[in-house]
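Throughout, a chain's letter reflects where its sequence line sits, starting with A, and its residues are numbered from 1. These figures come from a predicted structure and were not determined experimentally.
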Amino acid sequence: MSLRYRAVRGMRDLASEAAAELRRVEDQCIAAARAFGYEEIRLPLVESTDLFSRGIGEATDIVAKEMYVFDDRRGNSLALRPEGTAGCVRACIQQGLLHNRTQRLWYAGPMFRYERPQQGRYRQFDQFGAEIFGVGGPEADAELIQMVAAIWDGLGLRDAVRLEINALGSSASRAAYGEALVAYLAPYEDELDGDSRQRLRLNPLRILDSKVESTRRILEEAPNLADYLDASERAQFDTLRELLDSLGLLYRVNRRLVRGFDYYTHAVVEWVAEGIGSQDAVCAGGRYDGLIELFGGRPTPAAGFALGIDRVALLLREVADASAEASAACSAGALSYSAADVHVVMQDRKYMPAAMAAAQALRVRVPGLRVRMDAGGGGLSAQFRRADRSGACWAMIVGEDEIAQNRVSLKWLRANRPQVTASMDEVAAAIRESQAQD
RNA sequence: GUGGACGUAGCUCAGUCGGUAGAGCUCCGGAUUGUGGAUCCGGCGGUCGUGGGUUCAAACCCCAUCGUCCACCCCA
C-alpha cells in the first residue's frame, strides 16, 4: 500500500493489544520499584549533547554514531537521550537530591538511538530504569537484582531469562587491566578483526566480548580481569555472590561481560533471554561510582539498571505462558485480549440516552469495570455479534421492557448462566461477585 | 554502517509462459423485527511499496529508491 505519510524508520505505532503488552510490562516494573521503596523521577527527553558524550564516553558506539544530535535555535547542541542514567544523575545533582542522604529512583520512557532496526531493536524504544545512590556496599547491587527478579516473577518469566554478572573493579584497576590487555594484544594486532583493532586504542575492554572466532582464540591466553582486582574489590564481589546465593538468585559469572558505557565500575550485570533473536539482552546495569563526581557532584556511590520494555514484551509473547494469564474477569472461554468487560446493547437506537446513563451507572458501581457502548447500529443480532467478538464477558441490554421497569438485563457471554433482569444495584452486585470468584 | 531475503486487500497469502488481480480471515448486511458463537448467501475493500526502463502488453523482466525482516554490528 502506498502511503502519503509513514512513521519514520525504526519508530513504531503500537495500537491496542501491542500497547497493552507494553503497558503490562511497564506496570509490573513500576509495581516492583514501588514495592522496593523507589520513587518516580520524570526526566527530559532532551539533554545537552555534552552530558552524554562525557558521561557515556566519547569513544562508545552510542555516542560516536548512534545519537540523535541537533542544534536548537540558539545553536546549542542537544541530543535525544540514548539512555536514562546520565540524565538521572544530572537531575539528582541539579535538584540536590543526593545531599546527605540515599536516594532510590525509577523512571520509564522512550530512548532514542540511530541504529539499523531489526527485531527487538528500534530507533525509539522504551526503557524502565532504577537507580540507587549513596549505598556503596554490594547490598545495593543485590537489591537491584532482587527487584529485577521480582519483575520476572510478576510476569511469569523467571525461567525465560538468565543472569550474568562480572566485576570490573574501580576505574583505577580497570585502567591497569586495560593497559595489560593492550600490552598482551599488541603483538597480535594484525590478526585481530577490524573492530577489535580499533578498540585496542579507544576502548580495549570491549574487545573481550568480541564474537569473532579468531579474536576469541587470541583472547584465550589473555590476562584475566579478576587478577587485577584488589583485595577489597574482590571481597565486595564475593559478598555480592554470597548475598545472591542466600537469596536463591541464580547467576553465572562471566569474566568477559563488559558494558558498553564507560561509566560502569565494579559489579556489572546483564539479563539475557532466549528465543527473541539476536537482540537478547533484556536488562542490564551495574555500579557507576564515579559518574556523579564526573558531573560535578560530590563523590557518591551509585548503581542501577535499565530494562528493555519492548524486548520483555516480545519475550512475553514468545513465552505465551498460558498459566500466567489470570487477569480476565471471566475465565471460561475468555479471549486473551479484550478492551471491555461489558458491552452495552439496546433494542433500538432511540434508547441511547437510557443506555448511556445505565452504562455510567454501572461504571460508578463497579470501579475498574470496563463498560463499552455498542457502536455501529443495526439490530440486536448485530449488536450481540459485536459483543461476542469484542471479548467482553457480559452484555448489558437496555430495551423497552427494562426501561419500563427501571431495570437492565445482564447476559453472560462466556459462562453458561441464565440471563437476568434486575435493578442496576443487583446487576452490579452480580458482576462484582462473579469477578471475585475468578 | 555491512551482507542476505522479502514488499500483492485492514491481516495471512496465492498469482503458471509477461496477456491487465484472487482466496481465506476481518468488517458490514441478510437468512433471524428482543439475543452472539455454528452454517449458508451477499457486499465493502487494491496506484500489485515508489520512480524509471524494456515490451504491442509488466504484479511478473531490468535499474534505482524507500520500507520490512534476518544476521553482522550495537545494546535494553
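Summary of the strand contacts: Glu66(A) and Arg116(A) both lie near RNA chain B, and taking for each the nucleotide with the nearest heavy atom, the more 5' one is attributed to Arg116(A). Each of Arg113(A) and Gly378(A) lies near RNA chain B, and the nucleotide nearest Gly378(A) is the one positioned closer to the 5' end.
Residue contacts for Glu83(A): at a heavy-atom cut-off of 4.0 Å it reaches no nucleic acid atom on any strand shown. Across all strands, Arg9(A) comes closer than 4.0 Å only to sugar-phosphate atoms, never to a base (heavy-atom distances). Here Arg259(A) lies in heavy-atom contact (under 4.0 Å) with sugar-phosphate atoms only. The residue Arg12(A) sits apart from the nucleic acid: no heavy atom pair falls under 4.0 Å. At the heavy-atom level, Glu400(A) lies under 4.0 Å from base atoms of the strands shown. Using a 4.0 Å heavy-atom criterion, one finds that Gly277(A) contacts the sugar-phosphate atoms exclusively. Contacts of Gly10(A) with the nucleic acid, taken as non-hydrogen atoms under 4.0 Å apart, involve only primed sugar atoms and P, OP1 or OP2. Using a 4.0 Å heavy-atom criterion, one finds that Asp401(A) contacts the bases of the nucleic acid, with or without backbone contacts as well. Among the heavy atoms of the strands lying under 4.0 Å from Phe261(A) are primed sugar atoms or P, OP1, OP2 only; no base atom is included. If you check every strand for non-hydrogen atoms under 4.0 Å, Ile309(A) touches nothing.
Residues Arg363(A) and Gln360(A) bring a donor and an acceptor atom of their side chains to less than 3.5 Å of each other. Counting only N and O atoms by type, the side chains of Thr300(A) and Gln103(A) include no donor and acceptor under 3.5 Å apart. Defined by atom type and a distance below 3.5 Å, a donor-acceptor pair is missing between the side-chain atoms of Ser214(A) and Glu191(A).
For A31(B), the paired base is U39(B) (Watson-Crick or G-U wobble, both distances below 3.5 Å). Searching all strands for a Watson-Crick or G-U wobble partner of C17(B) with both distances below 3.5 Å returns nothing. Of all nucleotides present, none satisfies the Watson-Crick or G-U wobble test against A76(B) with each distance under 3.5 Å. Nucleotide C69(B) is matched to G4(B) when pairs are restricted to Watson-Crick or G-U wobble geometry with both distances under 3.5 angstrom. With a 3.5 Å ceiling on both atom-pair distances, the Watson-Crick or G-U wobble partner of C25(B) is G10(B). Taking a pair to require two hydrogen-bonding distances under 3.5 Å in either a Watson-Crick or a G-U wobble arrangement, U55(B) remains unpaired.
Here the separation of G34(B) from U39(B), taken at their P atoms, is 25 Å to the nearest Å. Nucleotides G30(B) and C17(B), compared at atom P, are 45 Å apart to the nearest Å. A distance of about 45 Å separates the P atoms of C44(B) and G1(B), rounded to the whole Å. Taking the C1' atom of each, C27(B) and U20(B) are spaced 28 Å apart, rounded to whole Å. Taking atom C1' on both nucleotides, C11(B) is separated from U26(B) by 7 Å, rounded to a whole Å. A21(B) and U16(B): their C1' atoms are spaced 14 Å apart (whole Å). Taking the P atom of each, G3(B) and C60(B) are spaced 25 Å apart, rounded to whole Å. A gap of 22 Å separates the C1' atoms of G4(B) and U8(B), to the nearest Å.
One donor-acceptor pair, N or O on each side, does fall under 3.5 Å between the base of C73(B) and the side chain of Arg121(A). The base of U68(B) is not paired with the side chain of Gln118(A) by any donor and acceptor separated by under 3.5 Å.
By the 4.5 Å heavy-atom criterion applied to side chains, Met147(A) and Cys29(A) are not counted as neighbours. Residues Leu247(A) and Gln146(A) are in side-chain contact: their nearest non-hydrogen atoms beyond the backbone lie under 4.5 Å apart. Considering only heavy atoms from C-beta on, Val258(A) stays 4.5 Å or farther from Val268(A) through its side chain. Under the 4.5 Å side-chain criterion, counting only non-hydrogen atoms from C-beta, Val253(A) is in contact with Ile165(A).
Rounded to whole Å, atom C1' of C75(B) lies 12 Å from atom CD1 of Ile276(A). Rounded to whole Å, the distance from NZ on Lys65(A) to P on U2(B) is 11 Å. Across the protein-nucleic acid pair, Tyr5(A) atom OH and G67(B) atom C1' stand 18 Å apart, rounded to whole Å. With rounding to whole Å, Met346(A) atom CE is found 19 Å from U33(B) atom P. Counting to the nearest Å, the C1' atom of U35(B) and the CD atom of Glu402(A) are 11 Å from each other. Going from atom CG of Asp13(A) over to atom P of U68(B) covers 11 Å, rounded to whole Å. When rounded to the nearest whole Å, the span between CD of Gln119(A) and C1' of A76(B) equals 14 Å. For Tyr264(A) and C75(B), the OH to P distance is 11 Å, given to the nearest whole Å.
The Phe125(A) side chain lies nearest to A76(B) when the options are G34(B), U35(B), A76(B). Counting only heavy atoms from C-beta on, Ser278(A) has its side chain closest to C73(B) among A76(B), C69(B), C73(B). Of all nucleotides listed (A76(B), C69(B), C73(B)), C69(B) comes nearest to the side chain of Pro117(A). Checking G34(B), A71(B), C75(B) against the side-chain heavy atoms of Gln347(A) singles out G34(B) as nearest. The side chain of Arg6(A) has G67(B) as its nearest neighbour among G67(B), U2(B), A76(B). Side-chain proximity of Ala306(A) to G67(B), G34(B), A76(B): nearest is A76(B). Set against C75(B), U2(B), G34(B), the side chain of Ile397(A) has G34(B) as its closest nucleotide.
Contact annotation: Gln279(A) side-chain N/O to C75(B) OP1/OP2 distance is not under 4.0 Å. Residue Arg206(A) places at least one side-chain N or O closer than 4.0 Å to OP1 or OP2 of C75(B).
Cation-pi check for Arg12(A) over Tyr122(A) is met; the charged atom lies under 6.0 angstrom from the ring centroid and within 45 degrees of its normal. In this structure, Arg174(A) is not positioned above the aromatic face of Tyr228(A) in the sense of NZ or CZ being under 6.0 Å from the six-membered ring centre and within 45° of the axis.
A distance-only check finds no donor-acceptor pair linking the side chain of Arg158(A) to the backbone of Asp153(A) [under 3.5 Å].
Taking the charged nitrogens against the carboxylate oxygens, Asp374(A) and Arg349(A) do have a contact shorter than 4.0 Å, which makes a salt bridge.
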Are any protein N/O atoms closer than 3.5 Å to N/O atoms in nucleotides 36-38 of chain B? If there are, list each pair with its distance.
from: G36(B); atom 1: OP1; to: Ser381(A); atom 2: OG; distance (Å): 3.4
from: G36(B); atom 1: N1; to: Leu413(A); atom 2: O; distance (Å): 3.1
from: G36(B); atom 1: N2; to: Asp388(A); atom 2: OD1; distance (Å): 2.7
from: G36(B); atom 1: N2; to: Leu413(A); atom 2: O; distance (Å): 2.6
from: G36(B); atom 1: N3; to: Asp388(A); atom 2: OD1; distance (Å): 3.4
from: G37(B); atom 1: O4'; to: Asp388(A); atom 2: OD2; distance (Å): 3.1

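No option in Asp71(A), Leu80(A), Val69(A), Val63(A) other than Val69(A) meets the side-chain contact (heavy atoms from CB on, under 4.5 Å) test with Thr49(A).
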